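See below for the structure under consideration.
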Protein chains: 2
Amino acid sequence: MGDLSELELVVLGIVWKRGPCTPYAVRKEFATSPSSHWSGSAGSIYPLVRRLERRGYLRSRRESQGRRARRTYTITRRGTAALRRWVCPPLPDEAAAITYDPIRTRMYFLGIVPPDRQSGFLAEAEAALRRQIRVVQAECARYAGLGDTFSHLAMTGALRIMRARIAWLANARKSLGCMTV
Amino acid sequence: MGDLSELELVVLGIVWKRGPCTPYAVRKEFATSPSSHWSGSAGSIYPLVRRLERRGYLRSRRESQGRRARRTYTITRRGTAALRRWVCPPLPDEAAAITYDPIRTRMYFLGIVPPDRQSGFLAEAEAALRRQIRVVQAECARYAGLGDTFSHLAMTGALRIMRARIAWLANARKSLGCMTV
DNA sequence: CCGCTCATGTAACTGGTTACATGATTTA
DNA sequence: TAAATCATGTAACCAGTTACATGAGCGG
């Protein structure tokens, strides 16, 4: 039960949401997602779905479309149960832990750069976030249009976090500005 | 230059901040950190610092304290330069990308659980975040007390994100509540 | 017909994890 | 003095990445 990795569960979830689909479709989902946590590379997905099938979480069917062989995967009852068990409480403690933020990681060591370049870092990070936020907003609107409530809800969460990061940087810029002036 | 992993750079940063220190002290830094992104396991840190020394980013000295042999590491000029280069702009795009959030990941697939248990998930997640936030607040105060401006600033960023996640869940609870009632 | 994207895979590598081993030092 | 913890390491493993190989179908 606890033998499924986070990526495996996400793939299970994607197959559950989309219904019968090819590994390639799953990969595209990762490729178009604004998150870069998983690459969804062929080297991860193809072995993964076969692994899931071998363990009974997925079932596959060969369906030749034209002369082209392709394999579509469907979630099994066992897969659905595993997915539900993962989503439902109890939530492991680390799920609520501090999330990883590369900008924050750099912030710890910002003292190493000369003070006149510190605000440059903050400004650039803020600008990068503002660029990214538009992508997320678009994705948010797309899900709303599709009527996918939960994906939409998830995206609003991502949006809120990005806005919090921007506000944080703006505030940091002010408090550092006070120090150096 | 770009041959250093994120973890290697963070370790470099820790050694820079604390001055000469043992791998064990570095490990403790990871162990006490409220973030669980890296475990800071012996198996990662000990080989890592030796790797950094071999490449000239760290220098080490054997100093026997009592009968006990220990090795303290110091950052070299090369190490300092690498760290500064990493912190400074230009920031890679993925640094501003959506961060990974295990609660959000689950949210995508929340439709798989029966509607009467969905709000349970949201409530539990919110409660877990509220528990965690106290830890972060304490850490925040600790850094403020130490006068470590940048670590404190980093922590306030983490705090803002956690608050944003809580607000997001509270809002989700409301919008799902409307649907099911 | 050439090049691009679709689509399915494999192989080698790698960074980090878990688990284990060992001995010194401190504390009950 | 026994147990706990400090401290330094090693070895095996593993999930996921990068890079490569292959071929179908399609648009210019």
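Chain letters run A, B, ... following the sequence lines, proteins first and then strands; every chain starts at 1. Note that the coordinates shown come from a computational prediction; the quantities given were computed from them, not determined experimentally.
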Provide, to the nearest angstrom, the distance between the [atom1] atom belonging to [X] and the [atom2] atom belonging to [N].
X: A:Tyr46; N: D:dA21; atom1: OH; atom2: P; value: 18 Å
X: B:Lys28; N: D:dC6; atom1: NZ; atom2: P; value: 7 Å
X: A:Glu53; N: C:dG9; atom1: CD; atom2: P; value: 11 Å
X: B:Phe30; N: C:dG16; atom1: CZ; atom2: C1'; value: 12 Å
X: A:Arg70; N: D:dT22; atom1: CZ; atom2: C1'; value: 18 Å

Set of residues satisfying side-chain hydrogen bond (donor to acceptor under 3.5 Å, both in side chains) with respect to B:Arg165, sequence neighbours excluded | B:Asp101
Ring pair (Phe, Tyr, Trp, His ring centres under 6.0 Å) partners of B:His37, counting only residues at least two apart | A:Tyr100
Do any side-chain nitrogens or oxygens of B:Arg62 fall under 4.0 Å of OP1 or OP2 in D:dT8?
-> no
Does the side chain of A:Tyr24 get closer than 4.0 angstrom to OP1 or OP2 of C:dC6 through an N or O atom?
-> yes
Looking for any heavy atom pair under 4.0 Å, which part of the strands does A:Arg27 touch: base, sugar-phosphate only, or nothing?
-> base
Reading 5' to 3' through nucleotides 11-17 of chain D, protein heavy-atom contacts under 4.0 Å coded B for base, S for sugar-phosphate only, - for none = B----SB
Please tell me if the side chains of A:Ile112 and B:Phe150 come closer than 4.5 Å, counting only heavy atoms from C-beta onward.
-> no
Can you name the residues that form a salt bridge (charged side-chain N to carboxylate O under 4.0 Å, His left out) with B:Arg117, not counting sequence neighbours?
-> none
Applying salt bridge (charged side-chain N to carboxylate O under 4.0 Å, His left out) to A:Asp148 and not counting sequence neighbours gives A:Lys17
Side-chain donor-acceptor contacts of residues 128-137 of chain B below 3.5 Å, not counting sequence neighbours, with atom names and distances?
from	atom 1	to	atom 2	distance (Å)
B:Arg130	NH2	B:Glu126	OE2	2.9

